[in-house]
There are 2 protein chains.
Amino acid sequence: MKIIAYLDAGHTVLGVVTSPTHFVAVADVAPDLPSDLIEILELDDGLARLRESTQGRQGDRLLADVTLKPFLSRPNAMWALALNFKSHIAETGLQTNPNYPHLFLRTAASYVGANEPIFAPSESVARAFDYEGELGVVIGKPGRYIPVERALAYVAGYTCLNEGSVREYQIHNRQFGLGKNFEASGSYGPWLMTPDEFGDPARRSVLTRVNGVVRQQAPLDDMLIDVARTISYLSCGYRLRPGDLIAMGTPGALKPQPDDVEGNDLSRQYGPFPTPGLVHMRPGDSVEIEIDGLGVLRNPVVPDPSRESDTR
Amino acid sequence: MKIIAYLDAGHTVLGVVTSPTHFVAVADVAPDLPSDLIEILELDDGLARLRESTQGRQGDRLLADVTLKPFLSRPNAMWALALNFKSHIAETGLQTNPNYPHLFLRTAASYVGANEPIFAPSESVARAFDYEGELGVVIGKPGRYIPVERALAYVAGYTCLNEGSVREYQIHNRQFGLGKNFEASGSYGPWLMTPDEFGDPARRSVLTRVNGVVRQQAPLDDMLIDVARTISYLSCGYRLRPGDLIAMGTPGALKPQPDDVEGNDLSRQYGPFPTPGLVHMRPGDSVEIEIDGLGVLRNPVVPDPSRESDTR
């Protein structure tokens, strides 16, 4: 099952995708269910009821006609893993503890949905604004002290995720802080795919394209700490909650293409980790994160439109 | 004005404190206002209407009769500063950048309200569970690119805060991650005090007592990066939102008392930073954070009651 959130008359509501082009509105087929995904996950039988109501349905609405939105409204926690792919550890020259997931937090305001614009900071603020193609994991039920072997039963589904990062701010101090939390600097989507449809994440791969050129590509079994171990670790101290998001970390950059001036030219790179094959995200770019068997998350990059006069 | 959140027939509602012993229910004096503090702050004139409705009122309810709750429901961000007091930087031996606030995030689930129990991890999970007495700052209106000299106008109020930390987990990796986000490991309260009543934070001091013994005490002007600079920095990349919380960092430990076996005995300390005068929080302790002119936040410490069977 693939669940989307989209705008309907100014409100964010839910749909279930039924074909490459069509979906059904949850309000049409399951009017008794909440219009918020986290509230559905908080019901013991929420996902099961949604599946039952939509099974075998023909979609009567066009995906192309709607504006997708992030499907998680104010989750308690949006975790992310640093340095979880060997290729990314190598290119940064940084160290991580091989026994524990390297965790930090982002806020809901740092993420937009599929097709929504990602904000590039103005050049006077920062220039090393980088994509990070990742697998996103959404928790489906509450849990503490979860053994590794039962951890995947707590997953509601998976999504593509761009953990967009502002490198100059990320290295102001040891803690990433604001550098991983710029307004609308990342994205996830286009939908939540349930595990029965996605299968074992370790058999999939993640890929990042900037303006059509592949910049990252790696099998998801290259993770240092996998999804199950991350969930089990978190549950030692924290009660996982329906709707919590975990961004599983990003792989390294691919080698530059022979005719790829940008990726070969380190003088066009800013920030602490100049890397052959890496290009920064800039206004006008189109960035895609693709996970095979799941889908493609596409976002245009625009200049951050915020002004001081946005205050009241 | 001192605003509390408390339980009324199972719901968290708001009150305004009118004397050391009494308060009025917001629903009684301002029935048109939302029952949620963040929703009040989101109104242009929310705080002003609350002040008008309660001014000169005699409280008809007893503070002693109600259970206080955290007054921020699901804010977008709960920021915290690491290494922001010179005395704490010295005792840890760690470094921080003197030009930028050293920021990380906590989740709402990591905080309880005044008088509610704080959960100590079981000894098999961790033993270095430490108090951090701090000033908490709550944002009152949205803002980007806020100049330092106008930053304090974005503050809705101040509170006492215990930024409880699990040291063994905090040092698993560079990012604090789970170590700063154990379930119910910290607290804030007892109320939000508005700036007109609190005055300049730099003229106040913070103090931590464990079982009646003073363990931390420092003037708030000993901060490396003050409230205004922290707000201004965040607003470079992030749109501050009503209800966002900023924990301003903790001072170092006081010297042990002459008759204080515990604080002199480093063999009773666990974790990475054994410090004369520091005691860990343990079940049965009573921990108080006091900020002069603001109030006292008191919490009992209990064993974390969570079980694997809390899952569904």
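Letters go in sequence order (proteins before strands), and every chain restarts at 1.
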Using non-hydrogen atoms only, which part of A:Arg106 is less than 4.5 Å away from chain B: side chain, backbone, both, or neither?
backbone
Segment of A:Asn99 engaging chain B (4.5 angstrom heavy-atom cut-off)
neither
Identified side chain to side chain contact (heavy atoms under 4.5 Å, CB included) partner of B:Phe104 from the options A:Gln175, A:Lys180, A:Arg174
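Among A:Gln175, A:Lys180, A:Arg174, the one that satisfies the side chain to side chain contact (heavy atoms under 4.5 Å, CB included) with B:Phe104 is A:Gln175.
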Give the table of side-chain donor-acceptor pairs shorter than 3.5 Å for residues 71-80 of chain A, with sequence neighbours excluded, one pair per line with atom names and distance.
| from | atom 1 | to | atom 2 | distance (Å) |
| --- | --- | --- | --- | --- |
| A:Ser73 | OG | A:Asp36 | OD1 | 2.4 |
| A:Arg74 | NH1 | B:Arg74 | O | 2.5 |
| A:Asn76 | OD1 | B:Ala109 | N | 3.2 |
| A:Asn76 | ND2 | A:Tyr238 | OH | 2.8 |
| A:Asn76 | ND2 | B:Thr107 | OG1 | 3.2 |

What residues, two or more places apart in sequence or in another chain, satisfy ring-ring contact (aromatic ring centres under 6.0 Å, His included) together with A:Tyr169?
A:His172, A:Phe182, B:Tyr233
Please answer whether the main-chain N or O of B:Thr96 pairs with a side-chain N or O of A:Asn173 as donor and acceptor at a distance below 3.5 Å.
no
What distance do B:Leu178 atom CG and A:Ser235 atom OG have between them, rounded to the nearest 0.5 Å?
9.0 Å
Interatomic distance, OG@B:Ser110 vs CG@A:Leu105, rounded to 0.5 Å, equals 9.0 Å
